[in-house]
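Keep in mind the model is a prediction, meaning the values are calculated, not measured. Here, residue 1 is the first one in the sequence, and each next residue gets the next number.
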Amino acid sequence: MRITKQPSGGSSRTGGRGEFELAEDVPGGPRVTDLFEHDLILQYGSVELPTGIFLTKQGGKRRLRLRNNRETFHIGRQAAAILMLPTPIRDEARLEGGQPVLRSDGYLLHHIELEEVEVLRPVTLEDGVVKSPGLFRARANTIIYGNQAFQAETLAIGQRVKEIELLWHARNSFPSDLSNLLAMHESAVKSGSAVPKALTQIVESIQKTFAAFSADMGVVYSEREDVVPAMLRALREEVDEKDKPLSLEQIPPDQLDIRRREIEKWQTWARRRGPQSTKFKREVREAYDWTCLVCGNRFPPTDISRNPGVDAAHILPWSDFDLDHVSNGLCLCKLHHWAFDEGILRIVHREGQYLVELAPGAEERILQPQFSLESLRAVTGVIPSYRLPNAIAERPNPLLLSRLYEELN
């Protein structure tokens with residue numbers, strides 16, 4: 001048995017929005033005609049939900065219709081929202097082509113293959129009139145979808161639900177606003193109630209929010225596409241604890257080459273730590289209001305560019321000092337992040353103030369005019385307090401700054 005989308009007359013290209021119907025009798029099971037005036041409960045993997053939809057006759061067709069519930073929507077959008085898929089369309093004339101097929105408002109959900117169909121409660125009749133509707137349940141097994149170029153792509157629903165459950169379970173690995181959206185999705189899907197229209201907006205918000213973080217996670221993603229595989233890729237990017245570089249405390253102070261090598265490894269490790277690293281970057285940028293601590297220029301994400309123009313730099317790149325705490329971070333523009341990492345500019349804490357200084361020897365050792373040292377000299381001096389985070393606990397930890405330069409000297 002399957003739920004299938006049929007065009008509302010005409011060809012598949014000009015047939016309008018189309019309707020969802022129930023088709024194909026199951027050998028040894030209930031026939032489609034046995035299910036008229038029955039409400040549908042659908043199982044998606046471990047999740048079971050009423051749909052608010054019933055089977056009725058209309059013009060000789062076996063239509064699936066909403067039963068007086070304006071808070072939910074047609075079965076195709078329900079399935080997409082539950083499975084965290086991009087929003088499908090119903091109008092064949094608006095189909096797109098090419099890959100990926102799963103793009104918001106660019107593909108059709110053609111069929112939902114059903115299995116384990118059973119009647120839970122028969123229709124009650126009185127004088128040939130339906131007194132109370134029946135109830136039937138089915139397990140959704142496979143979704144078949146397509147666009148202009150690819151007509152019969154398949155999605156295994158059981159596997160998809162397991163992937164979504166993994167994201168629910170790991171949601172705290174993601175930044176807080178994305179984690180909250182995943183919690184909202186889980187709550188709605190597990191509510192035991194018909195899927196609300198708002199679930200589509202939640203999925204769209206997950207797509208948009210993850211798109212804003214994807215560059216920091218090292219994942220290529222466009223917000224119109226299927227977000228679940230991209231989020232799983234981000235989780236898999238997390239580096240195993242056994243791959244951490246050595247703690248600098250394990251290396252003798254006089255082994256400068258080894259210490260520098262391990263610092264570089266720590267910087268690489270921090271960049272590859274997937275959602276946890278992204279959470280740190282987001283918290284640091286927000287604490288500094290997307291403003292470079294050195295020059296005071298503010299470069300937040302915009303409608304034109306999702307990627308901010310400031311980075312979250314680590315002061316000390318090892319776990320002994322709460323690697324991913326905001327007090328071990330600095331918000332720096334691209335130029336001053338580079339100058340800080342290379343040790344040309346230093347940020348220090350002295351007598352209750354934060355200062356930017358040129359590294360000792362920079363004036364003598366860096367050749368001019370080939371090197372634009374003047375642009376870096378211009379930003380040295382006391383850092384105004386308004387560039388620092390409002391929360392004292394989120395400001396650069398003076399002990400970490402001191403320890404950094406102890407290790408480099």
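Rounded to the nearest 0.5 angstrom, I144 CD1 and T4 OG1 are separated by 8.5 Å. To the nearest 0.5 Å, the span separating CG on L330 from CD1 on I347 amounts to 4.5 Å. A distance of 9.0 Å separates SG of C331 from CG of D289, quoted to the nearest 0.5 Å. Taking CG of D177 as the start and NZ of K208 as the end, the distance is 12.0 Å to the nearest 0.5 Å. Considering CG of L316 and NE2 of H325, their distance stands at 14.0 Å, rounded to 0.5 Å. Atoms CG and CZ, on L135 and R121 in that order, are 5.0 Å from each other to the nearest 0.5 Å.
Taking the side chain as every heavy atom from C-beta outward, I206 and L178 approach each other to under 4.5 Å. Under the 4.5 Å side-chain criterion, counting only non-hydrogen atoms from C-beta, P30 is in contact with L35. Within the 4.5 Å cutoff, the side chain of L114 has heavy atoms near those of the L42 side chain. Looking at F299 and K334, their side chains never come closer than 4.5 Å, going by heavy atoms from C-beta outward. The shortest side-chain heavy-atom distance between I383 and L355 does not fall under the 4.5 Å cut-off. Counting only heavy atoms from C-beta outward, the side chains of L293 and F340 never approach each other to under 4.5 Å. In this structure, I164 and V189 have side chains that are not in contact, with every pair of non-hydrogen atoms separated by 4.5 Å or more. Inter-residue side-chain proximity for Y288 and L332 is flagged as unmet; no heavy-atom pair is nearer than 4.5 Å.
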(message) Run the side-chain contact (heavy atoms from CB on, under 4.5 Å) test on F210 and L182 for me, step by step, so that the C-alpha distance in whole Å, both residues' side-chain angles and the decisive distance to 0.1 Å come before the verdict.
(response) CA-CA 11 Å; F210 182 76; L182 287 169; over 6 Å; no
(request) Kindly indicate, with the supporting measurements, whether the criterion side-chain hydrogen bond (donor to acceptor under 3.5 Å, both in side chains) is fulfilled by Q78 and T51. (result) CA-CA 8 Å; Q78 283 191 35; T51 62; 5.1 Å; no
(message) side-chain contact (heavy atoms from CB on, under 4.5 Å), that's the test. Do L85 and L155 meet it? Break it down for me.
(response) CA-CA 10 Å; L85 292 166; L155 180 78; 4.0 Å; yes
(request) Starting from the C-alpha separation in whole Å, work towards a yes-or-no answer on side-chain hydrogen bond (donor to acceptor under 3.5 Å, both in side chains) for S104 and E204. (result) CA-CA 9 Å; S104 295; E204 290 172 353; 5.9 Å; no
(request) For side-chain hydrogen bond (donor to acceptor under 3.5 Å, both in side chains), just list the numbers for E19 and Q6, CA-CA rounded to whole Å, side-chain angles, deciding distance to a tenth of an Å, and then say yes or no. (result) CA-CA 5 Å; E19 301 284 349; Q6 297 291 348; over 6 Å; no
(request) Decide side-chain contact (heavy atoms from CB on, under 4.5 Å) for Q43 and V161; before the verdict, give the C-alpha distance in whole Å, the side-chain angles of both, and the deciding distance to 0.1 Å. (result) CA-CA 11 Å; Q43 293 177 314; V161 171; over 6 Å; no
(message) Run H185 and L199 through side-chain contact (heavy atoms from CB on, under 4.5 Å) and show every step you take.
(response) CA-CA 7 Å; H185 185 272; L199 192 57; 3.6 Å; yes
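For H337 (side chain) and L335 (main-chain N/O), no donor-acceptor pair under 3.5 Å exists by modelled atom type. Under a 3.5 Å cut-off, the side chain of R387 and the backbone N or O of V294 do form a donor-acceptor pair. Within the 3.5 Å criterion, the main-chain N or O of L399 finds no donor-acceptor partner in the side chain of S402. With hydrogens and angles ignored, the 3.5 Å screen pairs no side-chain donor or acceptor of S187 with any backbone N or O of M184. Within the 3.5 Å criterion, the main-chain N or O of F36 finds no donor-acceptor partner in the side chain of K57. Under the 3.5 Å distance criterion, the side-chain polar atoms of Y107 are matched with a main-chain donor or acceptor of P86. Looking only at distances, a side-chain donor or acceptor of N147 sits under 3.5 Å from a matching main-chain atom of G98. Between the side chain of D34 and the backbone N or O of R31, at least one donor-acceptor pair lies under 3.5 Å. Distance alone, capped at 3.5 Å, is enough to place a donor-acceptor pair between the D25 side chain and the V32 backbone. S205 places a side-chain N or O within 3.5 Å of a backbone atom of Q201 that can act as its donor or acceptor partner.
Screening E115, H111, E113 for a side-chain contact (heavy atoms from CB on, under 4.5 Å) with T142, the sole residue that qualifies is E113.
Shown here for I89 and D105, the closest heavy-atom pair between the two residues is CG2-CA, 3.3 Å. Nearest approach of L388 to P396, heavy atoms of both residues: CD2-CD, 3.9 Å. Of all non-hydrogen atoms in A79 and L109, the two that sit nearest each other are CB-CD1, 4.4 Å. Listed here is the closest heavy atom pair of R395 and Y354: CB-OH, 3.7 Å. Shown here for L83 and V228, the closest heavy-atom pair between the two residues is O-CG2, 4.4 Å. In this structure, I157 and I143 approach most closely via the heavy-atom pair CD1-CG1, 3.8 Å.
Note on R137 versus E116: no salt bridge recorded, every NZ/NE/NH1/NH2 to OD/OE distance being 4.0 Å or above. A salt bridge links R103 with E96: the closest approach of a Lys/Arg side-chain nitrogen to an acidic carboxylate oxygen falls below 4.0 angstrom. Using a 4.0 Å cut-off between charged nitrogen and carboxylate oxygen, R63 and E21 count as a salt-bridge pair. Salt-bridge check for D311 with K281: failed, with every basic side-chain N at 4.0 Å or more from each acidic carboxylate O.
The environment of CG in N390 is sparse: at most 12 heavy-atom neighbours from other residues, nucleotides or ligands sit within 6.0 Å. Counting non-hydrogen atoms of neighbouring residues, nucleotides and ligands closer than 6.0 angstrom, the NZ atom of K162 reaches no more than 12 such neighbours.
Between H110 and Y145, the ring centre distance reaches or exceeds 6.0 Å.
Note on ring orientation: taking the six-membered ring where Trp is involved, the planes of H74 and F20 are parallel (angle under 30°, cut-offs 30° and 60°).
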